[in-house]
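Just so you know, these numbers use all the heavy atoms, side chains as well, and skip hydrogens, waters and symmetry mates. Counting starts at 1 for both ligands and their atoms, following the listed order.
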Amino acid sequence: MCGIVAYVGARPALPLLVEGLRRLEYRGYDSAGLAIAEGGTLAVHKRKGKVRELESTLPAQVPGSVGVAHTRWATHGEPSDLNAHPHTDAAGRIGVVHNGIIENAAELRRRLEGEGVVFRSQTDTEVLAHLIGRRPESSLVEAVCAALALVKGAYGLAVIDADRPGAIIAARNGGPVVIGVGDDEMFVASDAVALMGHARSVAHLDDGEVAEVRADGFTVMTLEGAETFKALQALEGDAGGLDKGDFSHFMRKEIAEQPEAVRRTLLGRLDHRFQTAHLGGIELAAREMLDIRRVKILGCGSAFYAGVVGAHLIEQLARIPAQAEPAAEFRYRNPVVEQDTLYVAVSQSGETFDTLAAIQEVKRKGGRVLGVINAIGSTIARECGRGVYLHAGPEVAVVSTKTFTSTVVAFCLLALQLGRVRDLSSAHGQRLLAGLSLLPDQIQSIVDREAELAPIAARLAASEHAYFLGRTVSHAIAMEGALKLKEISYLHAEAYAASELKHGPLALITPHTPVLIVAPDDDLLAKNRSTIAEVRTRQGPVLAVTQDGVDLEDVEASFAVPRCEPELAPLLLNIPLQLLAYQVASALGRDIDQPRNLAKSVTVE
Ligand code: G6P
C-alpha cells in the first residue's frame, strides 16, 4: 500500500529511484513521483498513472544524489498529478513521501490554513510537508520529530530537504520502513525488494522510530530522541527474480515458479528418520505441541483461504480442532483468547495491517502466535518472533499464486509435525513425506498442460457470472479459485459449498451461468455427481477440475490433475484454477499483474 524508496550516496539518484519504484509498483499504482535535491533546489516530477507514465515525462537526467520517490494507492484525495507524492512545503524545499493515513489531517490543515498556508493537494501528506517546513532553523530530524509529535495516524515516511541535502529522514508508525546499507551509499524503502542488488544489508525500523540516513551511515532514535540500536540483516535474494524474464506477466511467471517454490518450502524440513516434518522456527517442544487444544488461523484474502485449507489439514492429520478466520473479523469481535490455543498468522507480505492488528490483539490477551510468512524480517514476522518462512521468493503480481501454494505446503508440514506427536502413524507420516516430495514434478506437469484448459477458460470468459463449487477442503479451493478469477478478470465469480447449492444458489443457475466444480476422487465424489446432475437439470453448463481416473458425466469440459496422497489434492487442484483465471483475464485484456483498485500489500485498515 504505497511504495516509498529513497537514496543518498554518490551516484545519480534518478535511475535508482525509478528502478525502486518499478519494483514497488505492486504496492499501489495510481500515481507516482520523485524529488531530487541538488544545489539548494528540489526537482519534483510526479504524474497520475503508473510508473511508466512518470518515466515517459522524466528528463533523461536529473542532477543530484539524494532523492525520494513514491508509488501511490490513493486513500485521501483522488489519483491525480497534484495528489501524487512527493509533497513539498510552501518554499518547495522539503520533499515528503508517505505511506499510511494521517487521521487528524483535516484539523491540522485547518490550523495551517488559518496561519496562511496555501495547500496544493487534497492529501493528508501535504500537512506533514508544511509542518516540517515551518522549522528551517532546526536540524531536519528535529523538524520531522516536531511535526510527527502533532500527528495522529499511521505512517512510513521519507523526507529530504534541498537546503540540508546530506540526509534522508525516515520514520515509522505502522507503515513498514527498511534502511538499506550499500557501499558509501544508503537507501530507505518500504520493502527490501526495492533494494536487492544494491544494498548489502538492511535494518528494519520499529514503530515510533526515526532515522537519519546519511551516505556513510545512519542513526536511529525514538520520536522522543533516545538513540536505539539496530541489528543489520544480510539482504539475500536474487534481483533477477524481480524480472519478468520471458513471461508476459509476473503472475504467469510465478505460476511457473511453483515447483521451485515448493522445493524451497520443503527444503530441510522432511524428517524421513522419524516420518515427520521438522519446522525448527516454530520453537515448540513435543510436550508443548501435545498441550495444544485448538488451532486458530488468521489472515486476509488468499492468506485466509490458505488458512482454511491449513485448518482442514491440521484437523485431519493431528485431530486438533482448527479453524481459520479473516483477521479483521477476528480482531473486531473481542475474541476469547485461550491459553491452550495455538494462533497462526498467515501473510505473504508480512505487512497486512489487519493481520498485524489481530496478532497484537492475541498477544495483548496473553496468547501465542506463530507466523507463516514469505517476506523475511517483515513486520508480522518480527511481531510473531517465531514461525515458518515460506522461502517462495519474491512475489510481484498482486494476486498470490506461488505463495498460496507454499503456504498450504507449510501447513502440510505443520499438520504432519503436530500429527506425529499425537496419533498419526509412522506409515501415514511416511506416505505424506513421499507425497510431498512428488509435488514439484506434479505441479510442473499441470503447468505444462496449460493449453488443455482453453475450453474451460473460453466458457468462463464468455459469461458474466460463474459459480465455483466444492465440498469440505475443496470448498476452500473453490473460494480461492473464484477470488483469483474475480480479482484479475473482473467477472462475477462466487464460491459455494456444493452442499449448499440447493439451499439457495440453485435459483441463480441458468444456461448462462457456468458452474465449475472442484471434484477430487474422494469419499464425496458421489455427492458431487449429484450436484452436477442438479445443475444440469437447470441447464447450467458444468465445468470440472478433477483427478486422473475420474469420469464425470454431463460435463461440458474438465481438467484432471495427477492422483496424489488425498491430503495433498487441494494443492494440485488449485493450480488449474490459477491458470484459468490467468487465461480468462488475458482473453479479456485485463491488467493482470496490477488489477484495478487492488494492491498487494494492504498496510492500512
Ligand atoms: C491483499 C491482496 C491479496 C492478499 C491479501 C493478503 O488483499 O490483494 O492478494 O491475499 O492482501 O496479503 P498478505 O501479504 O497478508 O498475504
Ignoring hydrogens and geometry, is there a side-chain-to-backbone donor-acceptor pair from Q348 to N374 under 3.5 Å?
no

Check for a donor-acceptor pair, side chain of Q258 on one end and backbone N or O of Q444 on the other, with a separation under 3.5 Å.
no

Which protein residues have a heavy atom closer than 4.0 Å to any atom of ligand 1, listed by chain and number?
C300, G301, S302, A303, S347, Q348, S349, T352, V398, E487, A599, K600, V602

Atom SG in C384, atom CD1 in I373: separation rounded to 0.5 Å?
5.0 Å

K484 NZ to Q578 CD distance, which is reported to the nearest 0.5 Å:
7.0 Å

Under the side chain to side chain contact (heavy atoms under 4.5 Å, CB included) rule, what do N334 and K365 come out as? Steps first, then yes or no, please.
CA-CA 10 Å; N334 189 22; K365 292 183 162 178; 2.7 Å; yes

Does R449 make a cation-pi contact with F559 (under 6.0 Å, within 45 degrees of the axis)?
yes

